[in-house]
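Notes follow once the structure below has been shown.
Computed from heavy atoms alone, side chains included, the values below leave out hydrogens, waters and symmetry copies. Keep in mind that this is a model prediction, so the values were computed, not measured.
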Amino acid sequence: MYIRKLVITLSFLLLFNACSDNATVIKYDKSLTHLACLRLVVFPADKLISDTLVNLYDFDENCPYELQVSRKSAIACNSNQNADKKALSNFPSGYIRMDIYKNRKPVYSYYKDLNCKVSKDIIEDAFKRLKSDMLKE
């Protein structure tokens with residue numbers, strides 16, 4: 001009986017802690033608050049991401065701050081170490097990442113695990129967060 005309760009409790013803990021819906025944000029330079037411009041780099045090239053971001057912000061090719069955007073979909077994790085998380089939770093199948101660099105040094109990072117393909121809404125939400133954290137209005 002004790003083992004059964006323990007297994008059920010652990011299952012619920014793994015279910016709710018295995019993957020968070022919240023994005024991970026890192027500001028590497030706390031003194032840097034609001035940037036005046038950004039230069040856009042999407043790698044690998046992705047028309048949906050590029051078109052969505054260009055409609056949200058006026059990027060400047062001469063800006064010293066570079067916004068690098070990447071995404072990954074259809075991730076398949078074959079590690080046995082994650083077998084319990086894959087079986088008991090909504091294990092992420094992709095991510096979206098937005099990083100700002102100046103002279104190849106990281107300034108800001110936004111990362112979010114996804115359980116679906118990258119969509120326009122996901123891109124807009126990610127950029128909205130980045131904008132509120134780092135850009136002048």
Side-chain angles (χ1 to χ4, degrees):
M1 188 67 167
Y2 173 75
I3 293 175
R4 184 175 178 198
K5 286 182 181 180
L6 181 63
V7 169
I8 291 171
T9 303
L10 287 175
S11 297
F12 278 112
L13 288 174
L14 286 172
L15 180 67
F16 292 112
N17 291 325
C19 178
S20 172
D21 284 340
N22 296 329
T24 300
V25 175
I26 301 170
K27 286 179 84 170
Y28 293 94
D29 183 351
K30 307 283 189 223
S31 66
L32 193 59
T33 56
H34 288 86
L35 307 177
C37 63
L38 286 175
R39 181 169 31 102
L40 179 62
V41 175
V42 178
F43 187 80
D46 185 299
K47 185 169 174 40
L48 175 65
I49 291 174
S50 297
D51 289 351
T52 302
L53 291 174
V54 166
N55 285 328
L56 294 173
Y57 186 76
D58 187 22
F59 292 95
D60 179 357
E61 286 299 315
N62 298 313
C63 184
Y65 294 98
E66 180 177 271
L67 172 61
Q68 293 183 6
V69 183
S70 62
R71 61 110 180 117
K72 185 80 170 178
S73 297
I75 294 173
C77 182
N78 297 320
S79 171
N80 290 337
Q81 294 175 340
N82 291 322
D84 59 340
K85 292 178 186 172
K86 289 183 346 186
L88 299 171
S89 72
N90 202 2
F91 200 75
S93 61
Y95 67 82
I96 185 165
R97 182 176 192 129
M98 295 186 177
D99 297 303
I100 299 174
Y101 294 91
K102 182 177 183 186
N103 300 326
R104 296 189 175 139
K105 291 185 179 179
V107 173
Y108 177 90
S109 180
Y110 172 99
Y111 175 90
K112 185 173 183 177
D113 284 325
L114 301 173
N115 296 313
C116 57
K117 291 179 81 171
V118 174
S119 67
K120 184 177 178 180
D121 289 340
I122 290 169
I123 298 163
E124 289 173 348
D125 288 345
F127 191 75
K128 181 180 176 182
R129 171 67 189 268
L130 179 145
K131 188 175 180 181
S132 71
D133 290 345
M134 296 301 294
L135 297 175
K136 289 182 180 177
E137 288 295 327

Check your understanding: Can I122 be reached from L48 by stepping across I, L, V, M, F, W or Y side chains whose heavy atoms are under 4.5 Å apart?
Key -> yes
Review point. With a 4.5 Å limit on heavy-atom distance, are the side chains of Y110 and V69 in contact?
Key: no
Revision key, fill the gap. Closest non-hydrogen atoms of H34 and S132, given as atom of the first, atom of the second and distance, are NE2-O, 4.1 Å
Practice item. With sequence neighbours left out, write down each residue that passes salt bridge (charged side-chain N to carboxylate O under 4.0 Å, His left out) with K30, or none if nothing qualifies. Key: none
Check your understanding: Between Y101 and P106, is any pair of side-chain heavy atoms under 4.5 Å apart?
Key -> yes
Review point. If you round to the nearest 0.5 Å, how far is OG of S109 from CD1 of I100?
Key: 9.5 Å
Point to revise | Pairing of R129 and D133 as salt bridge, 4.0 angstrom limit | key: yes
Review point. Is there a side-chain contact between I123 and V118 (heavy atoms, below 4.5 Å)?
Key: yes
Revision key, fill the gap. Of all heavy-atom pairs linking L135 and Y57, the shortest is CD1-CE1, 3.7 Å
Check your understanding: How about D58: does its CG atom have over 12 heavy atoms from other parts shown lying under 6.0 Å from it?
Key -> no
Check your understanding: Can you check whether K27 reaches M134 side chain to side chain, under 4.5 Å on heavy atoms?
Key -> yes
Point to revise | Contact check, side chains of M98 and V25, non-hydrogen atoms, under 4.5 Å | key: no
Exercise for review: Only pairs at least two apart or in different chains count here, so list each salt bridge (Lys or Arg N to Asp or Glu O under 4.0 Å) that has a residue in residues 34-57.
Suggested key: R39-E66, D46-R71, K47-D51
Practice item. Please determine, by modelled atom types, if S119 and D121 share a side-chain donor-acceptor pair under 3.5 angstrom. Key: no
Revision key, fill the gap. Distance col, row R97:CZ vs D113:CG, nearest 0.5 angstrom, shows 11.0 Å
Review point. With side chains defined as the heavy atoms from C-beta onward, is the minimum distance between V42 and L67 less than 4.5 Å?
Key: no
Review point. Hey, what do you get for CZ (F127) to CG (L56), rounding to the nearest 0.5 Å?
Key: 6.5 Å
Review point. Distance from L35 atom CG to K102 atom NZ, nearest 0.5 Å?
Key: 9.0 Å
Check your understanding: For the rings on Y111 and Y95, is their centre-to-centre separation under 6.0 Å?
Key -> yes
Exercise for review: For the pair Y108 and Y28, evaluate ring pair (Phe, Tyr, Trp, His ring centres under 6.0 Å) and give the outcome as yes or no after the intermediate values.
Suggested key: CA-CA 6 Å; Y108 177 90; Y28 293 94; 8.6 Å; no
Revision key, fill the gap. The reported gap from SG in C63 to CG in L38 (rounded to nearest 0.5 angstrom) is 5.5 Å
